[in-house]
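Working notes, structure below.
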Amino acid sequence: MRQWCRGRGLRRIRRSARRGRAREGCMAEHSYQPSEIEPKWQAVWAERGAFRTPTDPAELAAKPKFYVLDMFPYPSGAGLHVGHPEGYTATDVIARMKRAQGFNVLHPMGWDAFGLPAERAAVREGLHPAVITERNIATFRTQIQRLGFSYDWEREISTAAVDYYRWTQWIFLKLYERGLAYEASVPVNWCPALGTVLANEEVKDGAYVETGDPVERRLMRQWMLKITDYAERLLVDLEELDWPESVKEMQRNWIGKSRGADVVFRIDGGERSFTVFTTRPDTLFGATYCVLAPEHPLLAEITTAGQRAAVEAYVAAAAQKTDLDRTDLAKSKTGVFTGALAVNPVNGQKLPIWVADYVLMGYGTGAIMAVPGHDERDHEFARAFGLPIVEVVAGSGSPVGEAAYTDNQDGVLVNSTAPDGFSIDGLKVPEAIARITAWLEERGLGRERVQYRLRDWLFSRQRYWGEPFPVVHAEGGEVVPLPEDWLPVELPVIDEFKPTDDGQPPLARAGEQWLRVTLPDGRSGTRETNTMPQWAGSCWYYLRFLDPRNDRQAWSPEAERYWMPVDLYVGGVEHAVLHLLYARFWHKVLYDCGYVHTKEPFQRLFNQGMILAHSFRDAGGKYYHPAEVEERGGRSFVAGTDTELESQIEKMSKSKLNVVNPDDVIAAYGADAMRLYELFMGPLEVQKPWQMKDVEGVNRFLQRVWRLVVDERTGERAARLSDEPPASAPELLRSLHKTIKKVTADTEALQMNTAISQMMIFVNDATATPRVPVEIVTTFLRLLAPFAPHLCEELWLRLGEADLMAHAPWPGHDPELARDELLTIVVQVNGKRRGELQVAPGTRDEEIRRLALASEA
RNA sequence: GCGAAAGUGGCGGAACCGGUAGACGCGCGAGACUUAGGAUCUCGUGGGGGUCCCCCCGUGGGGGUUCGAAUCCCCCCUUUCGCACCA
């Protein structure tokens, strides 16, 4: 026994569990027993439908609404870790408080159930992805329910259920009708390891963000969604949202709006021309060469015979490169002269045209004018190939031959006069840009333009476990959307989930019966065999929660009008761009269709920080489970040995052996202590380490609350409780009202850590009070109930209350009783202490000054 | 490189709009009650002085504004997170 439970954390857990059992049997029979009261109350809540969302129209009309939503989980095989319940606990506290405050609350939970991991597990285990998914959902549901969250489980949904995804398909048809879904042959991110394409948002540094598998460029026919049509609205509407600034900023960066101009360059000695996009048209006089991307269509036409071999070799080499190679910043610039010359429209200068892979075909026009004097990349390129560098903006401390001067505010234009006399010399950059843009427009040589970095959303995947597209390819190749009443297109049951040998998606294995379709007009066709990406289902699940059992509509207009928008949405930052951008896009399309009445789906967003954990590693880099580690003199060793370990705080992961399972924590301390600790750890939004020792602290707090009410030896009401009026304990009453005030305000602001510390202060005060009016305790329990609902429900019952605590109203505070004490202000003159003042908080500076001067005299 | 956020005891973290640090919890120390307790209760706990009244130093570093700065301003350092050849 000793040998296998040496580690501190685990030993503590086992010890606590033992202690719990021991107590049940012998002396302290009436001590706090979360393992008994928690399942009991969870069953009562379920039986009595305590958290059912109101649906009766009169009831809905009678109260204001509050929609509080968690980012629903992907039910992975690993089960829940302690990071999941952090956000869930926060939203549950809010949901319970809002109910108590008289709101109709919608607080649902569901499963983002389609996706690659289930498909891979299916291959590994020889089971169907649907079976794997069902199993994982069951695990997640059990784990989540153990925490006593007040979800309305009657509204549970799964994106992989037919009665859900038929509406995902329906929304796709709406997108198609509006011309927002189209097929195109585009260069895609193909991941050979996964056998599928990926969205731009899923690829970083040439690799799939989830697994790190390399991604290469391929030209493929794929479904695309025209999110670019919504770029401006997605950008502008961010302003109205109560979201973390960092997330808004990330979305702004992703959308990447830049203002500039298109400028047309004629090719010397012919009629052909090409257009460049630039944000700095003011530097046009400083252009000394042009560059085309290797994929630029004009390239082959203009390359001269003498340069053809070199250019073709360069283009071929660029095509071979992975994105990773092409975006490697460490590498130096490469390129080849095409032999062709372009004519600078502003002064007629002949500029050599180069091809180089630092110019991307996917952004702007795939062609640039290069101004090495005022652009770092062009500068580096010009230096590498000995191209001229001309200064046209003055103001830099060093010559442009040494470093590009890129300031775009205060620089003053020089050397910028055209042969016809037009000049922007002497102007500051912003004015120069306006002037030259107008000049170009007058002559038809260019025009102002806004450019976005956002690309269209690559919306198909070569996978099985996703939503089938509701479209058919008719004979002759025409794409035909299916009529709405043909939905759902059910995912056929197949037994092999790999692509076919000739590279078709897995659904090509479904057989003629599924693949062949006779269309309404009598033609026959073949079903689309790609499926939708995992993001599809999560783009609108918050709408299905409004009316999840509706089999005639995706949701009813009445429910939508009542509940939307989501008032509070809580989840991790990892979705700052992907899910949150996609969902906003779909929502705006649905808004344009008239199916939703708000421009934005999520009014307030909150990102909880990641929970980290200590991990232990020896000099060789091998990880040890915390149960094998012992601490001596502030250092860590492998238990029973002198092998010293390095301890660090890291993201929880299987390979680092530092994952904390909520089930273990609940077994040792109970769900209420778990809930409380999740919130007491620190501010919700920051990263913080899980420290099992600290759970003891909140556990002791709950024990003290228990003993405040229950005599542990007899199980009777504690002798300290009195039936006298609250005013009989004036100090405690003040403490109570301050607590009501602070808990209400802090919880509203999602600062639950300080709300809990205030409740601890109150309980410490109560413990020190000889005669505690019972009414003060019941009021306090109503405050604590959203945080520790099982304990409070039990104590509420023991104090003789008839109705559920879950239905008790939220207490209000008396401002007079909750008022802060006077502040002490030390009066100082030139840093020397000269006296003290007692003032009320909020006293104005002038008043303080006046009082200080008066006291001085 | 660019952008954002943040640096407070042995640890997690408090501190409203500048009001005189370290709430609450962990850990640690002392005591009480106990056959015993790693339970519970009480007291103490930033550092350094000092015959217990108190003094000095303290919120990453350096300047500044102010009667007064963890909080506001400038420069620097560090960490975390985004973006990364986007013309």
Side-chain angles (χ1 to χ4, degrees), chain A residues 11-12 15-16 19 23 27-28 31 204-205 244-250 252-254 256-258 260 276-280 283 291 326-329 331 333 356-360 362-371 374-378 380-381 451-455 573 576-577 609-610 634 676-677 680-683 685-701 703-704 707 712 742 745 751 753-761 763-764 767-768 820 823-834 836-837 839 841-845 848-849 852-853 856:
Chain A
R11 189 171 49 199
R12 207 166 282 270
R15 199 194 303 134
S16 300
R19 190 160 63 226
R23 277 201 182 152
M27 40 183 290
S31 63
K204 195 190 160 193
D205 297 335
E245 193 51 42
S246 61
V247 174
K248 289 192 191 179
E249 194 58 27
M250 274 193 248
R252 283 187 204 110
N253 289 340
W254 191 264
K257 181 179 184 173
S258 9
V276 305
F277 173 73
T278 176
T279 54
R280 293 292 303 274
T283 61
V291 185
R326 275 185 73 162
T327 58
D328 183 5
L329 283 181
K331 85 177 170 88
K333 298 248 180 307
D357 66 4
Y358 81 93
V359 174
L360 310 172
Y363 183 79
T365 59
I368 63 158
M369 66 170 196
V371 185
H374 306 286
D375 180 280
E376 280 169 21
R377 295 150 302 181
D378 297 344
E380 187 192 338
F381 191 85
Q451 172 73 37
Y452 300 93
R453 274 177 56 197
L454 186 70
R455 317 285 163 78
V573 248
V577 176
M610 202 186 312
L676 219 50
Y677 178 63
F680 184 62
M681 292 174 79
E685 68 275 18
V686 306
Q687 292 197 358
K688 46 213 173 282
W690 184 275
Q691 307 200 101
M692 202 58 94
K693 280 177 194 168
D694 289 359
V695 185
E696 297 270 11
V698 291
N699 188 42
R700 278 179 206 149
F701 164 68
Q703 308 261 11
R704 276 202 294 277
R707 286 195 302 269
E712 286 195 287
K742 187 161 174 63
Q751 288 160 6
N753 55 329
T754 49
I756 292 168
S757 74
Q758 180 60 41
M759 290 191 280
M760 288 173 166
I761 291 171
V763 170
N764 290 344
T767 304
D820 286 324
L823 282 172
T824 304
I825 292 186
V826 177
V827 181
Q828 294 173 70
V829 179
N830 295 327
K832 295 256 169 85
R833 187 186 170 105
R834 285 291 145 85
E836 281 186 4
L837 286 176
V839 299
T843 309
R844 289 166 175 252
D845 274 11
I848 293 177
R849 195 175 291 272
L853 290 170
E856 188 75 350

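Below, read A as the first sequence line, B as the second, and so on, with proteins coming before strands; counting in each chain starts at 1.
Under the 4.5 Å side-chain criterion, counting only non-hydrogen atoms from C-beta, A/Met369 is not in contact with A/Asp378. Within the 4.5 Å cutoff, the side chain of A/Gln451 has no heavy atoms near those of the A/Thr279 side chain. Between A/Ile368 and A/Tyr358 the shortest side-chain heavy-atom distance falls below 4.5 Å.
When the side chain to side chain donor-acceptor pair (under 3.5 Å) test is applied to A/Thr754, the partners found at least two apart in sequence or on another chain are A/Asp746. Every residue two or more places apart in sequence or in another chain was checked for a side chain to side chain donor-acceptor pair (under 3.5 Å) with A/Ser246, and none qualifies. The side chain to side chain donor-acceptor pair (under 3.5 Å) search around A/Glu249 returns A/Arg252, not counting sequence neighbours. Considering only residues two or more places apart in sequence or on other chains, A/Lys248 meets the side chain to side chain donor-acceptor pair (under 3.5 Å) condition with none of them.
Heavy-atom nearest nucleotides on RNA chain B were determined for A/Ile761 and for A/Thr279, and the one closer to the 5' end corresponds to A/Ile761. A residue-by-residue look at A/Phe277 and A/Met760 shows that A/Met760 has its nearest nucleotide of RNA chain B further toward the 5' end.
Remark: B/rC54 base-pairs with B/rG49; criterion is Watson-Crick or G-U wobble with both hydrogen-bond distances under 3.5 Å. Remark: B/rG29 base-pairs with B/rC43. Criterion, Watson-Crick or G-U wobble with two distances under 3.5 Å. Shown here, B/rU80 forms a base pair with B/rA4; the pair counts as Watson-Crick or G-U wobble because both key distances fall under 3.5 Å. Remark: B/rA15 base-pairs with no nucleotide; criterion is Watson-Crick or G-U wobble with both hydrogen-bond distances under 3.5 Å.
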What N/O pairs connect the protein and nucleotides 41-43 of chain B at under 3.5 Å? Give each pair on its own line.
residue : atom : partner  : partner atom : Å
B/rC41  : OP1  : A/Arg707 : NH2          : 3.1

List, with names and distances, any nitrogen or oxygen atoms from the protein found under 3.5 Å away from nitrogen or oxygen atoms belonging to nucleotides 10-12 of chain B.
residue : atom : partner  : partner atom : Å
B/rC11  : O2'  : A/Gln691 : NE2          : 3.4
B/rG12  : O4'  : A/Gln691 : NE2          : 3.2
B/rG12  : O2'  : A/Met681 : O            : 2.6

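The two residues A/Pro689 and A/Met681 make their nearest non-hydrogen contact at O-CE, 3.2 Å. Between A/Phe277 and A/Gly364, the shortest heavy-atom distance links the atoms CB-CA, 4.3 Å.
Rounded to whole Å, atom C1' of B/rC81 lies 19 Å from atom NZ of A/Lys248. In this structure, A/Trp690 atom CH2 and B/rG25 atom P are separated by 18 Å, rounded to whole Å. Separating the CD atom of A/Gln751 from the P atom of B/rA14 is a distance of 9 Å, rounded to the nearest angstrom. Between A/Ile756 atom CD1 and B/rA14 atom C1' there is a gap of 14 Å when expressed in whole angstrom units.
Contacts of A/Ile368 with the nucleic acid, taken as non-hydrogen atoms under 4.0 Å apart, include base atoms.
Between B/rG82 and B/rA69, the two P atoms lie 37 Å apart (nearest whole Å). Comparing the C1' positions of B/rA14 and B/rC24 gives a spacing of 7 Å, expressed to the nearest Å. Distance noted for atom C1' between B/rC17 and B/rG68: 16 Å (whole Å). A gap of 34 Å separates the P atoms of B/rA4 and B/rG22, to the nearest Å. Spacing of C1' atoms, B/rG46 relative to B/rU51, comes out at 24 Å, to the nearest Å. On the C1' atoms, B/rG13 is 14 Å away from B/rA21, given to the nearest whole Å. Taking atom C1' in both B/rA5 and B/rU42, the straight-line distance is 43 Å, to the nearest Å. B/rG12 and B/rG19 have their C1' atoms separated by 27 Å, given to the nearest Å.
Judged by distance alone, the side chain of A/Arg453 and the main-chain N or O of A/Asn253 form a donor-acceptor pair under 3.5 Å. Without hydrogens or angle criteria, A/Tyr677 side chain to A/Gln691 main chain gives a donor-acceptor distance under 3.5 Å.
Residue A/Arg453 has a polar side-chain atom (N or O) positioned under 4.0 Å from OP1 or OP2 of B/rA84. Checking the phosphate oxygens (OP1, OP2) of B/rA87, a side-chain nitrogen or oxygen of A/Ser258 falls inside 4.0 Å. Checking the phosphate oxygens (OP1, OP2) of B/rA14, a side-chain nitrogen or oxygen of A/Asn753 falls inside 4.0 Å.
In this structure, the nucleotide among B/rC85, B/rA4, B/rC24 sitting nearest to the side chain of A/Ser246 is B/rA4.
Nucleotide B/rC17 is shown with a syn base, its glycosidic torsion being within 90° of 0. The glycosidic torsion of B/rG9 lies within 90° of 0, which places this base in the syn conformation.
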